[in-house]
Amino acid sequence: MDVRRRSEKPVYPSKVFAADEKPLKPHKNQQQEDNNTLLIDASDALPLPLYLTNGLFFTMFFSVMYFLLSRWREKIRNSTPLHVVTLSELGAIVSLIASVIYLLGFFGIGFVQTFVSRGNNDSWDENDEEFLLKEDSRCGPATTLGCAIPARQIAPMAPPQPAMSVAEKPAPLITPASSEEDEEIIKSVVQGKIPSYSLESKLGDCKRAASIRKEVMQRITGKSLEGLPLEGFNYESILGQCCEMPIGYVQIPVGIAGPLLLNGKEFSVPMATTEGCLVASTNRGCKAIYASGGATCILLRDGMTRAPCVRFGTAKRAAELKFFVEDPIKFETLANVFNQSSRFARLQRIQCAIAGKNLYMRFVCSTGDAMGMNMVSKGVQNVLDYLQNEYPDMDVIGISGNFCSDKKPSAVNWIEGRGKSVVCEAIITEEVVKKVLKTEVASLVELNMLKNLTGSAMAGALGGFNAHASNIVSAVFIATGQDPAQNIESSHCITMMEAVNDGKDLHISVTMPSIEVGTVGGGTQLASQSACLNLLGVKGANREAPGSNARLLATVVAGSVLAGELSLMSAISAGQLVNSHMKYNRSTKDVTKASS
């Protein structure tokens with residue numbers, strides 16, 4: 001390539017100027033001609049006019065992109081690996097790369113011309129000339145497409161930047177703050193001068209604190225949180241009880257299943273879920289129950305538990321305390337101490353278990369309309385303080401020793417129960433089984449035996465002798481503000497099916513020993529969850545009969561599980577499960593466009 005060195009001659013003719021005389025500016029038209037040199041030299045090398053070439057490459061770019069996206073969409077739907085390409089796809093990829101290279105080059109030249117032209121329109125004085133001459137001498141000789149360019153047309157060269165390594169953090173996202181004060185606070189949090197958790201107390205505005213914290217996270221991580229909504233939520237309502245350091249909220253759609261005819265009363269059941277088919281399937285089960293005369297639900301037990309672990313020097317001393325708390329007379333004293341912690345907490349019994357010199361005491365108490373974990377913990381702490389005086393050598397290891405057992409599958413909850421223990425049943429007529437559920441009574445009974453009972457036993461299931469009880473429990477829990485983690489023990493369920501009335505009708509039941517729900521406290525007081533509770537008629541505490549709202553909610557959960565079990569088992573029996581999920585649980589959105 002012919003690379004010519006820049007002429008050492010000055011831009012202006014050699015001339016001695018008077019003290020008050022200034023050199024003349026180059027003619028504007030001459031400057032514009034020089035600026036167009038880049039595009040003229042580039043376009044002369046093209047076989048077609050510039051506008052035709054541009055149109056050709058633009059058309060090729062969009063045509064190839066459409067072809068490749070269509071092919072990738074078909075591969076995703078057919079579960080074909082994206083890296084397996086055909087000859088036509090390979091040719092399309094090569095054409096795409098060629099068009100991208102051309103378009104980048106074209107726009108790059110246009111940008112250079114625009115930048116240089118803008119520089120020519122700026123004011124010109126001796127200081128500018130001196131600055132550019134210094135920059136020119138610093139950067140060394142400049143070359144272009146075989147011809148020298150005047151000094152004024154050379155943009156100052158930036159020093160070369162080192163390449164960013166893969167391990168380096170991406171550039172942080174910066175969204176302009178609503179005010180200068182917010183911008184200063186954001187910078188202080190990013191620099192670690194202000195703790196993120198203290199924003200609410202310092203600002204006195206929970207929404208503003210969430211907004212600032214969200215922007216801080218974007219700047220620190222370099223990840224966009226644009227899809228996480230901030231507006232439309234009352235952040236004061238969660239302060240100190242539901243969520244710490246919020247940056248927004250997650251949207252979960254709520255569907256309605258029903259009406260569910262339960263104990264002679266109709267319920268429209270709210271279900272918050274992102275699983276397609278779940279609400280539709282539960283709704284079909286509700287329809288079958290309604291058409292058969294409804295379901296009946298009975299509450300068996302109601303008692304929340306907490307089990308502290310204490311340790312003694314010997315197993316004998318641990319056994320002495322066990323006998324002490326199990327003594328009926330001593331129990332009355334302990335119950336009085338426990339009940340002083342709350343207006344609604346009432347100690348029912350204490351179940352003990354010994355492991356060497358360690359004693360686990362499982363306190364069971366009623367908690368009104370609250371789910372009751374905090375309530376029972378306060379009462380247990382009162383009793384431990386009292387026992388510490390009677391047994392000074394008692395070492396309290398922890399107020400929760402996992403014999404409760406909270407948020408974990410356990411045999412003690414499966415056998416003894418925790419929260420609300422409920423059984424729900426219904427008789428589905430032969431006509432409904434055939435017309436609504438599209439199956440046969442005998443098929444359902446056989447499937448339940450081999451799947452829910454034998455299959456679960458083969459898997460070593462603990463409380464999981466059902467088809468999908470946790471699906472319905474989770475959806476109702478999220479919609480009504482319950483603790484989603486307690487879905488674990490609340491989904492303990494055994495589903496039974498039996499042919500009755502000379503084998504014509506189906507008797508179905510679900511037994512759930514540990515449904516943990518409440519209608520006050522926690523997430524139940526949030527606006528959306530409160531509205532769902534109100535839909536069921538169990539919002540807040542029942543003043544006339546404390547605890548009745550929470551117990552009614554537990555029966556609705558069990559009735560909904562009954563409907564869900566009935567519908568899913570019917571779909572499996574009739575061979576409709578896969579087809580229904582392919583129809584209702586598959587997005588029709590173009591994933592290639594969604595990813596872009």
query = Using the ring of each side chain (for Trp, its six-membered ring), is Phe403 parallel, tilted or perpendicular to Tyr360, with breaks at 30° and 60°?
reply =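 Judged by the thresholds at 30° and 60°, the geometry between Phe403 and Tyr360 is perpendicular.
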task = Please work out which of the three classes, parallel, tilted or perpendicular, describes the rings of Phe338 and Phe363, given edges at 30° and 60°.
result =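 Judged by the thresholds at 30° and 60°, the geometry between Phe363 and Phe338 is parallel.
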Please identify each residue that fulfils side-chain hydrogen bond (donor to acceptor under 3.5 Å, both in side chains) with [X], with sequence neighbours left out.
{"X": "Arg317", "value": "Glu320, Asp393"}
{"X": "Asn471", "value": "Glu275, His468"}
{"X": "Glu244", "value": "none"}
{"X": "Ser570", "value": "none"}

Qualifying residues under salt bridge (charged side-chain N to carboxylate O under 4.0 Å, His left out), relative to [X], sequence neighbours excluded:
{"X": "Glu326", "answer": "Lys322"}
{"X": "Lys438", "answer": "none"}
{"X": "Lys330", "answer": "none"}
{"X": "Glu498", "answer": "none"}

query = side chain to side chain contact (heavy atoms under 4.5 Å, CB included) with Ala295: which residues, sequence neighbours excluded?
reply =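 Per chain and number, Ala295 pairs via side chain to side chain contact (heavy atoms under 4.5 Å, CB included) with Leu262, Ile289, Cys424, Ala426, Leu562.
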query = With sequence neighbours excluded, what pairs up with Leu300 under the side chain to side chain contact (heavy atoms under 4.5 Å, CB included) test?
reply =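 Side chain to side chain contact (heavy atoms under 4.5 Å, CB included) list for Leu300, sorted by chain: Ile298, Ser421, Val423.
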Pairs flagged by salt bridge (charged side-chain N to carboxylate O under 4.0 Å, His left out) wherever residues 282-305 is involved - sequence neighbours left out =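 Sorted result for residues 282-305: Asp302-Lys420, Asp302-Arg551.
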Cut-off 3.5 Å, no hydrogens considered: what does the side-chain donor-acceptor table look like for residues 543-550, sequence neighbours left out?
from: Ser548; atom 1: OG; to: Asn542; atom 2: ND2; distance (Å): 2.9
from: Ser548; atom 1: OG; to: Ala545; atom 2: O; distance (Å): 2.8
from: Asn549; atom 1: OD1; to: Asn542; atom 2: ND2; distance (Å): 3.4
from: Asn549; atom 1: ND2; to: Gly540; atom 2: O; distance (Å): 3.0

Are any non-hydrogen side-chain atoms of [X] and [Y] less than 4.5 angstrom apart?
{"X": "Ser405", "Y": "Glu489", "answer": "no"}
{"X": "Leu203", "Y": "Ile185", "answer": "yes"}
{"X": "Met361", "Y": "Leu387", "answer": "yes"}

inquiry  = Distance check, rounded to the nearest 0.5 Å: Asp205 atom CG versus Ser211 atom OG?
reply    =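 One gets 9.5 Å once the value is rounded to the nearest 0.5 Å.
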inquiry  = Return the CG to NZ distance between Leu230 and Lys207, rounded to the nearest 0.5 Å.
reply    =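 So the gap between those two atoms works out to 6.5 Å.
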